[in-house]
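Encoded as structure tokens, the structure appears first; notes follow it.
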Amino acid sequence: MMGGSPSLGTDLPAHVRDLCARAMESAGAAMFVTGPESDGMPILWVNSAFERQTGFAAQDVVGRGPGVLRPLLAEPVDRDSVRAAIAAGREITHTLRARRRDGSLAWAQLTLSPLHDADGAAAHWVGVQVDVSEHVERYAAQVASLALERRERAVLDVVARSSDLLADLDQPFALRDITALLAGYAVDWAGFYLNDDGLRFAEGVDTAAPPNGRGQRHGRYSPGAFQPVPGANATDALGDAAVADASTARARLVDVPDRVQDVLDGRIEGPVALDLTATYPQWSASGWLQRDLQHRLARLEHRPTSVTVSGVPGRRRILGLLVTSGDARTSGGATGGADHAAQDGVRTLIQVIARRAGTAIDNVRLYAREHRLAETLQRAMLPEQADVTGLDVWTYYAPNSEHAQVGGDWYDVLQISPEVVGLVIGDVVGHDVEAAAAMGQLRSVVRSYAYELTTPGPVLERVDQLVQGMRIPRSASLVYAALTRPDATDPDDAWRIEYSRAGHLPPLLLRDATVTQLDDAGGALVGFGGRRTRATGVVSLRPGDTLLFYTDGLIERRDRALRVGLEALVAASRAITAVDAAGVGEELLSRLADAPEDDVALVVVRIPDPERDPHVAVLSPRSRRWLLPSEAASIGRARHAVVRTCQAWGVTDSANAELVVSELVANGVLHGWGHLALRLFDTGDGIRVEVEDANPAPPVPTDGHANRMGGFGMQIVERLADWGWRPTASGKLVWATLRPQAAQR
């Protein structure tokens, strides 16, 4: 046996010792035996497997120290820990990278065990080296697979979370939150730039920007096409040498490609790299973006020298850019192909988010545009409430906020003649521009025939005939009523209501704590009456009577039948304590319209009682309505409008009304959203002010601010008026009824 056989113990029979020696010689694992540490651990014996795996013959290594095997190591070994274990006589196990005989690398597990003499000292060391390359590679493959799975899950998580953010682009910082999500996972920094009449850094989406407008023209930008870079000047992008010789720099920049502009124009799909150290023409898209990024990235610990620019595509044009900096972050242990796979995954993630962001931005702007169009159409079609002498009239309309702020409900108060007042309330099926257009057509038709025929039944018969010929695509229901005032020469005469219903819910008559449904004169929906005669119901009214006209949105809920809702309306009407039309309407809304699921229209008409309400016996409560933009100038316009109206009405308490209106409109401008609706009512017992905005948050009175101006608005209102608020389908309504001057003192 090469190098001699180690001592295997004298207590074993000779044939057993010989068997052990032959087993070690023929073992598949590489084995060797060394001498004690005190002699430098010379190699005393190696087996055949050692020779095959290492390429060293026995005569090349026997008698020499372990250092002769150092060329086999592909990576260094922690020598200090090995020496400490040998000095202590402990067994050592190491997994190391070694070279095979053919020069290829392999993973080997080396175990070095001491053989102790009779005194317990390590007289020899037995080394066993096992090739574990297959196990290590299998483990590495498992680790790589797990890392890939984690990356894929992380990508899916980022996509899902960004999709949630894109679903709520009304949130003012949705784009900023998406870039923060990207920066937390894949890149060092990310930012959106929207191209709305020039590039601008965007943390949210401006829904006022036209979805189909072009922020760029073909060719290069003009100097005014970009928003200014905060803190930047015209020479930020030029190096010192270029500034020193501006003419030479301009000559060099003539042919510099503007790749950012190419992405914006759709000539390059992207992504493209933007070198932040290069020099670009000052008024190019690349130059402007470079200067803006130099300021935004200045606070990063490691300022990048280049960024990646990806287009944010919409349906018809590139809406903006998604700019990212920093390499893809790979999981620990990911090298080579895994690193490339991670970078490809991040690039794909960025492109997916850019495309989804473009689609979402396009959708939200198109929705906002349709919303504005529909709302403008709706408001243009709704009438200003008419002042009707001798009647207390209050009207209300609110489209459901879930349906683009537009619907098919409408009302009309018509002064047909000095003796006749026409009342219309209707509901076209649907919640879109088509429903609003159908509503506008029907409203015009009903108005025309109401002035011509007056009597409700014949009016609806003519409406049926015309609607059948017009082929209006939406079905509709309505009630038309004509109120005839009493003959002034007949003391026994009284107000009279004639009405006809086309598939609509019955109006209610409130009289002395009793509620009567005016359910006569019913018929089919508008346009489905055929040649049948429409009936007309007639009811005599008394002073103090109140009429309610409403649409089904006031009482309809998914979790109950319409009949149950009508019963709830009757019960709520029976419990009303208010004696004026506005008060009746407010009580009904507070009891029933807390969570409407459809558009709501409501008209309240009260016959004044000269004995109970002497202040409204001669003239009815009057009203005015204004739609104001949410801007500071609206506060002054509202004050002047109220003062002029009070003067026209002969109201003496105009100063307090002006002050209350000023505070409520100012709160709406400061804290509300969208346009403000201002309504002014002369109830006969004082002035009632209503201000509606799109912010659903309630008004909160404060104690003011001791060291600065502001905070006292609602305290002023509380001093001068009784006030409250209620939610509406599009936000909230704040109302205030001025107290008589004697009560304010």
Side-chain angles (χ1 to χ4, degrees), residues 382-397 409-426 446-447 450 454 456 459 478-486 494-501 504-521 536-551 554 569-570 572-574 576 578-589 600-610 612-613 615-623 625 679 681-685 688:
L382 285 177
E384 294 285 346
Q385 180 181 311
D387 290 334
V388 181
T389 301
L391 288 178
D392 182 0
V393 181
W394 180 87
T395 57
Y396 172 83
Y397 172 77
D409 291 13
W410 88 96
Y411 65 85
D412 237 336
V413 181
L414 311 172
Q415 187 75 60
I416 303 297
S417 69
E419 293 77 24
V420 180
V421 177
L423 297 173
V424 185
I425 193 160
V446 175
R447 273 192 160 210
T454 303
V459 168
L478 67 84
V479 175
Y480 173 62
L483 276 73
T484 305
R485 69 178 62 255
W495 280 92
R496 184 178 77 257
I497 178 174
E498 297 177 300
Y499 65 94
S500 186
R501 299 186 298 117
H504 203 85
L505 292 167
L508 300 184
L509 171 60
L510 283 60
R511 175 182 293 170
D512 297 331
T514 63
V515 179
T516 303
Q517 298 183 35
L518 304 183
D519 51 8
D520 292 336
T536 299
V538 181
V539 176
S540 294
L541 302 175
R542 303 175 187 172
D545 285 354
T546 300
L547 294 168
L548 303 182
F549 299 82
Y550 55 94
T551 57
L554 181 66
L569 173 60
V570 171
S573 301
R574 191 177 293 117
I576 286 175
V579 295
D580 64 300
V584 171
E586 287 294 344
E587 281 197 41
L588 281 178
L589 291 176
V600 177
L602 179 62
V603 178
V604 181
V605 180
R606 186 171 183 275
I607 310 298
D609 185 349
R612 296 176 54 188
D613 310 309
H615 53 276
V616 293
V618 179
L619 291 178
S620 71
R622 295 159 293 187
S623 67
R625 175 179 176 273
R679 301 179 185 89
F681 299 92
D682 174 14
T683 67
D685 193 27
R688 179 185 178 88

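FYI, the numbering just counts along the sequence from 1.
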Tell me the closest heavy-atom pair linking [X] and [Y], and the distance in Å.
{"X": "D512", "Y": "R542", "value": "OD2-NH1, 4.4 Å"}
{"X": "P543", "Y": "P608", "value": "CB-O, 3.6 Å"}
{"X": "P456", "Y": "A482", "value": "CG-N, 4.1 Å"}
{"X": "A450", "Y": "L414", "value": "CB-CD1, 4.2 Å"}

Option among I425, V605, V393, L483 that satisfies the side-chain contact (heavy atoms from CB on, under 4.5 Å) test with V413
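Answer to the side-chain contact (heavy atoms from CB on, under 4.5 Å) test with V413 among I425, V605, V393, L483: V393.
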
Whether [X] side chain and [Y] backbone form a donor-acceptor pair below 3.5 Å:
{"X": "D392", "Y": "A581", "answer": "yes"}
{"X": "R501", "Y": "D519", "answer": "yes"}
{"X": "Y499", "Y": "D520", "answer": "yes"}

Hey, are the side chains of [X] and [Y] touching, using non-hydrogen atoms and a 4.5 Å cut-off?
{"X": "L541", "Y": "R496", "answer": "no"}
{"X": "F549", "Y": "L423", "answer": "yes"}
{"X": "V421", "Y": "Q415", "answer": "yes"}
{"X": "L478", "Y": "W410", "answer": "yes"}
{"X": "L505", "Y": "Q517", "answer": "no"}
{"X": "I576", "Y": "L510", "answer": "yes"}
{"X": "Y550", "Y": "L508", "answer": "yes"}
{"X": "D545", "Y": "W495", "answer": "no"}

Applying side-chain contact (heavy atoms from CB on, under 4.5 Å) to S500 and V479, what does each step give before you reach the verdict?
CA-CA 6 Å; S500 186; V479 175; over 6 Å; no

Any chance you could lay out the side-chain contact (heavy atoms from CB on, under 4.5 Å) test for L509 and V515, step after step, and finish with the verdict?
CA-CA 6 Å; L509 171 60; V515 179; over 6 Å; no

Pair E498, T454 - check side-chain contact (heavy atoms from CB on, under 4.5 Å), show working.
CA-CA 9 Å; E498 297 177 300; T454 303; 5.6 Å; no

Criterion side-chain contact (heavy atoms from CB on, under 4.5 Å) on W394 and V584, from CA distance to verdict
CA-CA 9 Å; W394 180 87; V584 171; over 6 Å; no

